[in-house]
Amino acid sequence: MYEGPIQDLIDELAKLPGLGPKGAQRIAFHLLGSENEEFDRLIAALGHVRDDVTFCAECGNVSADKLCRICSDARRDTTKICVVEEPKDVQAIERTKEFKGRYHVLGGALDPLGGIGPDQLRIRELLRRLGNQADGVDVTEVIVATDPNTEGEATATYLVRMLKDFPGLSVTRLASGLPMGGDLEFADELTLGRAMSGRRVLT
């Protein structure tokens, strides 16, 4: 236990996700030995995040403007919407360079034990987007890209139920299965089962 401001800093850093007491201590002492300019840049960046970052009015992604760069890009395919849990998931999919449509960020996943139900997520906004088609272009596919865990699966199931009555709308789910470079003997039953049921024709 350190004295005064340095311990206060360690305590605050340790509250951040992915940082334990040891990591928080390392960062605190790194900052303690830093030049004033580095401190000032960090303080300024934190201030900009607090004051200038907002959420896109259309999709819910983080944005510096009313619409994020993806929603304001006229080159994106407006007929496809990929539904994800968090803004970080948008970046993960964008890195693949495989998806050219638009996104909808739910802000989490269904977790009844944690007090997160449909009203705490941006599901109503998704339904409104699908009901009010912009520019006369209909959304033809919603890709459900929630995490492959209990909460993500529950969210996907709920979304399928909510979206099944939209005419002409195809609801798909990201494929799941074996990772590249993996060995069959180390795969769990659920992953291997999904890989088997989702197999594709090669010839």
Side-chain angles (χ1 to χ4, degrees), residues 15-19 48-135 137-177 179 190-191 194 197-198:
K15 294 175 185 174
L16 297 174
L19 268 185
H48 286 312
V49 167
R50 181 192 61 199
D51 300 333
D52 301 330
V53 173
T54 183
F55 293 95
C56 176
E58 182 78 5
C59 72
N61 193 13
V62 290
S63 177
D65 299 305
K66 184 179 178 184
L67 290 179
C68 70
R69 61 177 178 79
I70 294 173
C71 285
S72 56
D73 186 351
R75 296 169 298 177
R76 304 292 295 214
D77 183 355
T78 56
T79 66
K80 292 178 173 56
I81 293 178
C82 182
V83 180
V84 297
E85 294 180 18
E86 303 288 352
K88 61 184 173 58
D89 302 326
V90 171
Q91 295 310 312
I93 294 174
E94 283 293 285
R95 282 196 299 271
T96 70
K97 298 185 175 14
E98 292 291 327
F99 181 66
K100 304 301 180 190
R102 296 195 174 170
Y103 294 90
H104 188 85
V105 181
L106 294 173
L110 292 175
D111 182 11
L113 295 178
I116 300 175
D119 292 339
Q120 281 70 52
L121 303 178
R122 298 184 69 256
I123 294 173
R124 191 179 296 113
E125 288 83 350
L126 174 62
L127 299 177
R128 195 177 302 126
R129 276 180 82 178
L130 295 171
N132 303 323
Q133 305 293 343
D135 305 324
V137 178
D138 288 342
V139 175
T140 58
E141 182 183 9
V142 169
I143 303 161
V144 180
T146 51
D147 290 340
N149 54 26
T150 305
E151 293 82 7
E153 291 298 327
T155 307
T157 302
Y158 183 83
L159 287 173
V160 169
R161 201 163 66 243
M162 290 291 102
L163 300 175
K164 66 181 169 66
D165 293 330
F166 279 87
L169 181 66
S170 170
V171 182
T172 60
R173 181 89 165 103
L174 284 187
S176 59
L190 182 59
T191 300
R194 284 190 175 166
S197 63

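For the single chain, residues carry numbers from 1 onward in sequence order.
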Nearest 0.5 angstrom please: [X] [atom1] to [Y] [atom2], how far?
| X | Y | atom1 | atom2 | result |
| --- | --- | --- | --- | --- |
| Cys59 | Arg102 | SG | CZ | 9.0 Å |
| Thr172 | Ile143 | OG1 | CD1 | 4.5 Å |
| Ile81 | Glu58 | CD1 | CD | 7.5 Å |
| Cys71 | Asp65 | SG | CG | 12.0 Å |

Does [X] reach the main-chain N or O of [Y] with its side chain, forming a donor-acceptor pair under 3.5 Å?
| X | Y | answer |
| --- | --- | --- |
| Ser63 | Cys56 | no |
| Glu85 | Asp147 | yes |
| Asp89 | Glu86 | yes |
| His104 | Arg122 | yes |

Carboxylate-amine/guanidinium contact Arg173 Glu153, below 4.0 Å | yes
Salt bridge or not for Arg76 and Asp73, using N-O below 4.0 Å?
-> no
Which of these passes side chain to side chain contact (heavy atoms under 4.5 Å, CB included) with Val144: Thr157, Leu159, Leu106, Val84?
->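 Exactly one candidate clears the test, Leu159.
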Hey, mind stepping through Thr79 and Asp77 against side chain to side chain donor-acceptor pair (under 3.5 Å) and telling me if it holds?
-> CA-CA 6 Å; Thr79 66; Asp77 183 355; 2.6 Å; yes
